[in-house]
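Computed from a predicted structure; not experimentally measured.
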Amino acid sequence: MTEKRIVITEFGTFAFPDPCRNIFSRFFSYFKGLEVTDNALVNVYPIGEDYYACTETNYITKVNPETLETIKKVDLCKYVAINGVTAHPHIERDGTVYNMGNCFGKHFAFAYNLIQIPPLQADKEDPITKAKVVVQFPCSDRFQPSYVHSFGMSTNYFVFVEQPVKINLFKFLSAWSIWGANYMDCFEPNETMGVWMHVAEKHTGEYLNIKYRTSAFNIFHHINTYEDNGFLVVDVCCWKGFEFIYNYLYLANLRANWEEVKKHAEKASQPEVRRYVLPLDIKTEDTGKNLVSLPYTTATATLRSDGTIWLEPEVLFSGPRQAFEFPQINYKKYGGKPYSYAYGLGLNNFVPDRLSKLNVRTKEIWVWQEPNMYPSEPIFVSCPDALEEDDGILLSVVVSPAVGHKPAFLLILDAKDMSEIARAEVDTNIPVTFHGMFKQA
């Protein structure tokens, strides 16, 4: 606001150049390091006794959970070898935080580090100062890392899905200094790699050199990952194909009339909720066979003669231009374990117009939806005396721009049948949100 221009490049918006500097001074500023955004608008999560707002860069912002005031900005690069981290960490019951992002590995090649931040110890030192790398995943292309938005974690394993949306390193390094570009301009599809899935042992940090492969898709959100009789069951929200789905989310497209929005969305990849099953015990004599023996899924894993394991998913939910995204589960009790229910934001041609509950065992679905109401990610809150997995409520911030309505409200649903319990209306315009958490007062 002081400069009256955008001074830091964001995900989809490039910084306007300083009119007092020419292209040569901008070029030389490249050698002084990049200015990376600290716009922590994606999620909030706890570390120790503190709470941090985050985006997908190396900066996280400590906030006061009572007043929401900013306390300080933290650069994770000062504590652990990581270029940036996801906005979707996994958090264990004891407070241990796991997260991942790309890094520079051996021989100047890119890799992906999975980091651990321990819970608060008796010495009361900031847990971030004790962060460490526990696993390093290799990169399919040593000079072009994939975009990483989330990862899977079970009781004993980490699962990283390496997608065919790649970061062009030259564009990334030059974007801020030489030409007017943003993060989005640095993504390129790899039309031939498909998807690689990587698995590592959680407690030893051992990388399992098993080559899981499948056809191309975009992935942003894992729903849940669990172990069952020598298999890893990986449930994900995905978008078919190698083209980056964010290409369809520019405001110019979403601000068009409804028929134009739908016409544009028809060109995009089809969204699906999929279940992949990864066998952990591989025997060469099983070449050509489907290794999956779990009775409740149609997902397959076939060992090929070249040593790769080709995965075909079971589709848990699919509808024409209807996405089940921003998934949530009863994470505290069922994260990394067998489960039945997932809750998600329904996207109708990319427009969030419903909340859904999915039974991943039976594929039954429940929906909350009202005209001219645009909800956000549903946050599951378990009842204090819960006996069943779905004993609880869902919280969602709903935008209601139609005439005659308050502009926004907090919606409270019964997580069992998606019926409305209450809503808290406000006179404030609230933007559609990405992710968040419930903190008990």
When you measure from the centre of the six-membered ring of Trp196, is the NZ or CZ of Arg213 closer than 6.0 Å and no more than 45° off the axis?
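Yes; both conditions hold, so Arg213 lies above the ring face of Trp196.
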Flag if over 12 foreign heavy atoms under 6.0 Å of CZ, Phe434
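Count not over threshold, so no.
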Once the angle between the rings of [X] and [Y] is folded into 0 to 90°, is it parallel (under 30°), tilted (30 to 60°) or perpendicular (over 60°)?
{"X": "Phe137", "Y": "His198", "answer": "tilted"}
{"X": "Tyr276", "Y": "Phe217", "answer": "parallel"}
{"X": "Phe220", "Y": "Tyr246", "answer": "parallel"}

Would you say the side-chain atoms of [X] pair up with the backbone N or O of [Y], donor to acceptor, closer than 3.5 Å?
{"X": "Gln270", "Y": "Gln322", "value": "no"}
{"X": "Asn113", "Y": "Cys103", "value": "no"}
{"X": "Ser356", "Y": "Gly344", "value": "no"}

Decide whether [X] and [Y] meet the rule of one side-chain donor and one side-chain acceptor closer than 3.5 Å.
{"X": "Thr86", "Y": "Asn99", "answer": "yes"}
{"X": "Asn64", "Y": "Glu69", "answer": "no"}
{"X": "Ser154", "Y": "Asn156", "answer": "no"}
{"X": "Trp239", "Y": "Glu325", "answer": "yes"}
{"X": "Asn224", "Y": "Asp235", "answer": "no"}

Between Glu388 and Lys333 (salt bridge meaning N to carboxylate O under 4.0 Å), is one present in this structure?
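Result for this pair is no, no salt bridge flagged.
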Between Gln328 and Phe380, which heavy-atom pair has the shortest distance, and what is it?
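Reported closest heavy-atom pair: OE1-N, 4.4 Å.
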